[in-house]
Amino acid sequence: MRETPKVIALAGNPNTGKSTVFNSLTGLKQHTGNWPGKTVTLARGSYVWKGSRYTIVDLPGTYSLLANSPDEEVTRDFICFERPDATVVVADATCLERDLNLILQVIEATPRVVVCLNLMDEARKHMVQIDTGLLSSELGVPVVPCAARQGQGLGQLRDSIASVAGGEISLSPRRLRYGEEIERSIQAILPSLFAFRQILEPRWLALRLLDQDEAVLRQVAERVFEPQIANRAIATPKKGDASSWAGWNQE
Amino acid sequence: MAGVTGDETVPLCELGAGKTGVVCELLAGGNLRRRLLDLGFVQGSRVTALRNSPFGDPRAYALRGAVYALRSAEARLIRVRMIDNA
């Protein structure tokens with residue numbers, strides 16, 4: 001029986017060379033399609049690395065997970081609710097401060113993140129130097145310097161994806177502190193959210209509840225609570241169905 | 001600039017070409033506010049109005065290492081405090 005491919009989400013700001021990273025990782029093995037029920041089309045591709053199979057889903061380029069548009073909603077929903085085995089966030093090494101906004105939002109939603117610090121060749125041209133080791137320890141997730149259009153860094157990127165998706169390394173994503181009142185509120189509601197930690201990151205969920213983010217609350221109601229009510233039992237919460245993406249190959 | 005002291009704010013769309021301001025307040029709400037915050041138009045950020053805008057609207061602004069085009073309707077909702085340029 002074939003092992004199910006690991007599902008990898010590919011996110012990042014617009015204009016970070018994300019498409020180049022996607023094309024470099026998947027070669028010609030890619031096609032586009034609609035995510036069921038949505039109007040946004042997503043490109044999906046696959047590759048094999050050291051004996052394991054991977055499916056990459058190319059999410060729309062966004063500046064944020066706090067949905068302003070259908071594109072951002074798709075990206076947010078996939079990363080937060082579909083629980084991919086790893087999420088790669090592509091960032092522009094010449095614009096790291098700006099791109100950190102999305103990176104920090106993503107690591108709040110999921111710990112299984114690899115930062116692909118792309119356009120390192122552009123950074124070198126502009127005399128920008130980045131201590132990627134320090135950045136990685138600050139963020140608590142792997143940071144891989146790449147120049148995808150030169151083909152640089154891709155092997156290390158595949159290795160990092162494999163480690164994170166395979167659960168081989170322990171990740172401790174940096175936790176942003178929001179100030180006393182908010183932190184106290186988070187601690188107050190966190191215990192009741194641990195029951196859902198297989199489906200949703202508890203701290204992220206706590207923050208969205210405090211935000212009263214209606215779109216997120218609707219998703220939570222649909223995906224978590226309604227199925228439970230329908231089953232008439234507190235069943236073991238189901239992991240998001242990212243694995244259904246892996247099987248998309250058979251067409 | 002006559003009439004503008006250090007404490008007063010002007011809308012970003014009135015920032016002269018080549019001048020830099022510090023973001024003080026966003027008058028926008030909803031999605032536009034969210035988008036501006038995500039781009040980095042937060043309190044304390046320095047934003048520079050760039051020169052050479054052929055049609056005047058939208059204009060280009062430099063902020064936190066990146067360049068953005070904002071329509072004057074959007075830039076009008078960002079209040080900045082002018083600072084002396086060296």
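Order of the sequence lines sets the chain letters (A, B, ...), proteins ahead of strands, with each chain counted from 1.
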Exercise for the section: State whether the number of non-hydrogen atoms from other residues, nucleotides or ligands found under 6.0 Å of Asp211(A) atom CG is greater than 12. Expected result: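 Atom CG in Asp211(A) is crowded, with more than 12 foreign heavy atoms closer than 6.0 Å.
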Exercise for the section: Against chain A, label Leu39(B) side chain, backbone, both or neither, depending on which of its atoms sit under 4.5 Å from a heavy atom there. Expected result: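 Contact with chain A is through both the backbone and side chain of Leu39(B).
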Practice task
Please report the closest heavy-atom contact between Cys95(A) and Ala66(B), naming both atoms and the distance.
Solution key: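 Residues Cys95(A) and Ala66(B), closest heavy atoms: SG-CB, 3.6 Å.
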Practice task
Quick one: pull up CG in Leu100(A) and CZ in Arg64(B) and give me the separation to the nearest 0.5 Å.
Solution key: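 With rounding to 0.5 Å, CG (Leu100(A)) is 10.0 Å from CZ (Arg64(B)).
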Exercise for the section: Would you kindly say whether Arg98(A) and Tyr68(B) are connected by a side-chain donor-acceptor distance under 3.5 Å? Expected result: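 Yes.
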